[in-house]
2 protein chains.
Amino acid sequence: MKVLSKVSEYGLRALLYMVAKRGGQEYVSIREMSERLDISFHFLTKILQMLTQANLLISYRGPNGGVAFKKPPEEIRLSEVVLILEGDDYFDKCLLGLPGCGDRQPCPMHQFWKEIKGSLKKEFDHTSLAEMGQIAVSRHLRLVP
Amino acid sequence: MKVLSKVSEYGLRALLYMVAKRGGQEYVSIREMSERLDISFHFLTKILQMLTQANLLISYRGPNGGVAFKKPPEEIRLSEVVLILEGDDYFDKCLLGLPGCGDRQPCPMHQFWKEIKGSLKKEFDHTSLAEMGQIAVSRHLRLVP
DNA sequence: CGGAATTAAGAGTATTTTATCTTAAATTAG
DNA sequence: CTAATTTAAGATAAAATACTCTTAATTCCG
């Protein structure tokens with residue numbers, strides 16, 4: 001059950017690293033993250049660029065540069081991150097992949113799947129990056145393979 | 001939220017077609033399904049082959065051949081189909097894609113994600129192909145794009 | 001038996017996703 | 001101002017997924 005692409009997996013791991021590091025106050029170097037999390041530097045750069053362009057992070061170039069949260073991680077929901085990295089239609093996809101499927105023209109799985117997606121969205125909606133990061137810090141959990 | 005590969009999407013659509021057609025009693029031609037469902041014939045053949053090799057279907061060659069259910073669709077669960085087509089570790093994957101993640105070495109999202117996966121598995125476990133097909137038939141829902 | 005219909009299987013191609021490489025732009029420190 | 005450090009952006013490459021083509025094996029019907 002793989003619901004996230006590598007882009008989101010890496011993006012989330014980086015965000016959690018930032019939260020864990022210093023509560024997301026200061027700029028964190030992408031190079032540092034790529035090394036600590038064992039993610040390709042250039043690939044991670046692009047992912048974080050997406051988050052920067054979506055106004056979730058701000059970036060700064062030059063020595064001591066990096067990325068930082070634009071708003072406190074308490075206010076950033078998992079769903080927000082996922083919608084940015086996976087696309088706005090993330091919670092609208094048909095289980096059977098039928099393009100026309102929706103309330104007006106439902107596939108056989110539509111209602112069933114809609115309910116599951118709904119409850120998942122709800123979970124993602126009230127889970128903040130801060131909470132997630134907290135758990136990681138307090139339990140010394142690992143973000144690295 | 002794309003949880004299934006094309007393989008599973010196509011496989012499920014074909015199975016639902018078979019249920020809808022005649023309750024899964026007789027052999028249904030793969031060619032017919034590929035045309036009615038607008039799925040590549042050879043690709044679909046391979047997908048149904050996987051289901052045949054997994055003993056969910058039986059196949060018959062020659063004129064009037066095709067595939068049929070080996071056990072009644074009432075007894076086939078959605079989870080069973082998905083495990084065959086996506087792999088046995090389908091419900092065991094880490095949200096962040098970390099290979100070592102598990103109960104012994106949980107990632108920050110492990111517990112959270114484990115619960116969600118659990119309830120999804122439960123849903124998939126007591127949803128039979130027959131139920132799914134029933135809905136499709138009774139409401140004249142479409143399996144085609 | 002012989003030809004047509006059908007699934008099985010393997011090789012080959014295309015598309016998408018993931019990852020890398022190169023160069024440019026911004027910032028800092030000396 | 002210059003050199004070093006860092007993100008931005010675009011081009012390219014590798015890997016995975018999705019799809020196609022060809023040939024073989026099985027079964028039916030005349």
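Letters A, B, ... are given to chains in the order of the sequence lines, protein chains preceding strands, and every chain is numbered from 1.
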Starting at [atom1] of [X] and ending at [atom2] of [N], how long is that distance when rounded to a whole Å?
X        : N       : atom1 : atom2 : value
Phe41(A) : dA9(D)  : CZ    : P     : 13 Å
Leu48(A) : dT6(D)  : CG    : P     : 15 Å
Tyr27(A) : dT7(D)  : OH    : P     : 11 Å
Phe43(A) : dT7(D)  : CZ    : C1'   : 17 Å
Glu86(A) : dT17(C) : CD    : C1'   : 12 Å
Glu26(A) : dT6(D)  : CD    : P     : 15 Å
Met33(B) : dT7(C)  : CE    : P     : 8 Å
Arg61(A) : dA29(C) : CZ    : P     : 17 Å

Starting from the C-alpha separation in whole Å, work towards a yes-or-no answer on side chain to side chain contact (heavy atoms under 4.5 Å, CB included) for Met132(A) and Leu78(A).
CA-CA 9 Å; Met132(A) 297 190 267; Leu78(A) 177 51; 3.8 Å; yes
Does a side-chain N or O of [X] approach OP1 or OP2 of [N] to a distance below 4.0 Å, or not?
X        : N       : value
Ser59(A) : dA8(D)  : yes
Ser29(B) : dT6(C)  : no
Gln49(B) : dT7(C)  : no
Tyr10(B) : dC19(D) : yes

Is it the case that dT20(C) (base atoms only) and Lys46(A) (side chain only) share a donor and an acceptor within less than 3.5 Å, ignoring hydrogens and angles?
yes
Would you state whether a donor and an acceptor, one from the side chain of His42(A) and one from the base of dT18(C), lie under 3.5 Å apart?
no
Name the nucleic acid region contacted by [X], choosing base, sugar-phosphate or nothing; use a 4.0 angstrom heavy-atom cut-off, strictly under.
X        : value
Glu32(B) : nothing
Gln53(B) : sugar-phosphate
Tyr60(B) : sugar-phosphate

Relative to the ring of Tyr60(A), is the ring of Tyr27(A) parallel (under 30°), tilted (30 to 60°) or perpendicular (over 60°)?
tilted
With DNA chain D as reference, determine whether Gly62(A) or Gly62(B) sits nearer its 5' end, using the nearest nucleotide of each.
Gly62(A)
Answer yes or no: is there an ion pair linking Lys71(A) with Glu80(A), defined by an N-O contact shorter than 4.0 Å?
yes
Pair Ser8(A)-Glu86(A), side-chain donor/acceptor within less than 3.5 Å:
yes
Within 45° of the ring axis of Phe91(B) and under 6.0 Å from its six-membered ring centre, is that where the NZ or CZ of Lys117(B) lies?
no
If you find the nucleotide of DNA chain C closest to Lys6(A) and the one closest to Pro63(A), which residue's nucleotide is nearer the 5' end?
Lys6(A)
